[in-house]
Amino acid sequence: MKLNNTDMKNLGLTEEYIQESKLYKDLFVGRVSSQSKNLYKVITEDGEIAAEISGKFHYSVKELSEYPAVGDFVMVDRTDNSQGNGIIHHTLTRKSVFARKVAGSREDIQIVATNIDTVFICMSLNNDFNLRRLERYLSIAWDSGAIPVIVLTKSDLCKEIEARLNEISSIAIGVDVLVTTSAFYEGYQSLKKYLANGKTVAFIGSSGVGKSTLINCLLGQIVLDTNGIRTDDKGRHTTTRRELIMLPNSGVVIDTPGMRELGIISADLMKSFSDIDELAYDCKFNDCTHKNEPNCAVQKAIKDGVLSIERLESYWKLKKETKYEGLNSKMIEKEKINDMFHGMGGMKNARKFIKEQNRKKRR
């Protein structure tokens with residue numbers, strides 16, 4: 001199947017990517033649709049091809065996160081497999097990244113999906129419902145650079161929807177919440193307003209919450225394997241790898257395997273816990289930890305029933321995991337900026353570098 005320019009734009013190929021791709025002569029731009037060990041599938045203007053990374057690319061990689069991931073735009077040496085597998089030589093600049101820490105004690109980063117516009121955080125309204133896990137997903141989603149949307153699935157199996165929505169409203173500040181079911185047509189139509197030509201939506205969530213089923217509903221056909229509900233009312237895990245799928249004139253969606261663990265590398269706590277951040281402005285001390293300090297506005301909110309102790313404990317836990325423990329909002333932001341410019345020796349050296357580059361341009 002040959003894709004024309006319109007189809008490639010539906011795939012998310014923007015003018016910025018087109019201009020960046022021109023830096024690499026004799027190569028073609030494509031988008032990674034799936035990965036299995038060292039073999040990738042890449043969608044190009046002439047269709048989907050099998051590809052692997054070049055030896056030079058492989059030896060230049062210092063961290064796992066630098067390898068191509070589903071959603072990446074890459075530069076390949078061909079657009080069909082008539083002469084063998086394609087070779088990936090470069091990954092284009094990522095505009096957003098949803099990542100987590102690899103399960104276990106290692107500090108490796110696993111890229112779940114890249115270049116996404118919207119993250120559908122899927123959580124079923126039956127036994128999967130968990131506010132603390134949702135806070136964790138929101139923290140990573142806000143940090144990814146994409147916009148999070150909470151998608152509550154299997155509403156046909158829940159008799160307490162209003163109560164669930166009230167619980168979520170206390171933690172999902174500024175986030176759209178959709179109630180869905182795949183049991184009937186009207187049950188998933190609310191998802192469609194987030195789909196559009198050139199846009200990418202990633203479905204993220206625990207195993208068995210119905211991510212693949214919803215994608216099949218949007219496609220109007222069974223493309224992804226699904227399993228039914230177990231006797232304990234929980235869904236069965238089916239998806240085993242990340243996969244990017246094109247929707248006709250509605251952009252693309254990315255299906256992801258359920259995550260038993262969601263280790264945090266980086267998180268945007270100021271957005272996911274903006275209520276605590278706002279309360280903290282009224283604390284007596286700028287570096288208040290909200291534990292034993294006098295005149296703590298956060299502790300007062302707990303006593304007044306405005307904030308739950310469980311939410312504060314979740315905030316502390318995530319700050320500790322992200323190495324932001326003991327830092328206030330401004331300090332966290334500074335830390336994130338320094339991490340961003342770590343390769344240049346921190347923000348201070350980055351500013352020097354930028355000034356030097358501007359000076360050279362003026363000469």
Legend entry - Pairs where residues 170-182 contributes a residue and the test salt bridge (Lys or Arg N to Asp or Glu O under 4.0 Å) is met, not counting sequence neighbours: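 For residues 170-182, and leaving out neighbouring residues, there are no salt bridge (Lys or Arg N to Asp or Glu O under 4.0 Å) pairs at all.
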Legend entry - Pairs involving residues 66-77, ordered by first then second residue, that meet salt bridge (Lys or Arg N to Asp or Glu O under 4.0 Å) (sequence neighbours left out):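 Every pair satisfying salt bridge (Lys or Arg N to Asp or Glu O under 4.0 Å) with a residue in residues 66-77: D72-R94.
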Would you mind listing every ring pair (Phe, Tyr, Trp, His ring centres under 6.0 Å) that reaches into [range], with sequence neighbours excluded?
range: residues 186-206; result: F120-Y194, F120-F203, Y185-Y188
range: residues 122-149; result: none
range: residues 69-89; result: Y17-F73

Using the side chain to side chain donor-acceptor pair (under 3.5 Å) criterion, which residues pair with [X]? Sequence neighbours excluded.
X: E293; result: T289
X: S308; result: none
X: E52; result: N85
X: D156; result: T181

Legend entry - salt_bridge(K271, D277) N-O dist < 4.0 Å: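 D277 and K271: not salt-bridged.
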Legend entry - Ionic contact status for R136 with E321, cut-off 4.0 Å: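 Salt bridge: yes.
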Inset, instruction - Not counting sequence neighbours, which residues clear salt bridge (Lys or Arg N to Asp or Glu O under 4.0 Å) with R133? List them please. - result: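 R133: salt bridge (Lys or Arg N to Asp or Glu O under 4.0 Å) contacts with D128.
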Legend entry - CD1-CG distance between I245 and L218, expressed to the nearest 0.5 angstrom: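 It comes to 10.0 Å.
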Legend entry - With sequence neighbours excluded, residues passing ring pair (Phe, Tyr, Trp, His ring centres under 6.0 Å) with F285: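 F285 satisfies ring pair (Phe, Tyr, Trp, His ring centres under 6.0 Å) with no residue once adjacent residues are dropped.
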Inset, instruction - For H290, check ring pair (Phe, Tyr, Trp, His ring centres under 6.0 Å) against everything at least two apart and list the hits. - result: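 With sequence neighbours excluded, H290 shows a ring pair (Phe, Tyr, Trp, His ring centres under 6.0 Å) to no residue whatsoever.
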Inset, instruction - Start with the C-alpha gap between L195 and V253, add the side-chain angles, then the distance that decides, and say whether side-chain contact (heavy atoms from CB on, under 4.5 Å) holds. - result: CA-CA 8 Å; L195 308 174; V253 293; 4.1 Å; yes
Inset, instruction - Say whether, by atom type as modelled, one donor and one acceptor occur between the side chain of S96 and the main chain of I116 under 3.5 angstrom. - result: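 Checked: pair present.
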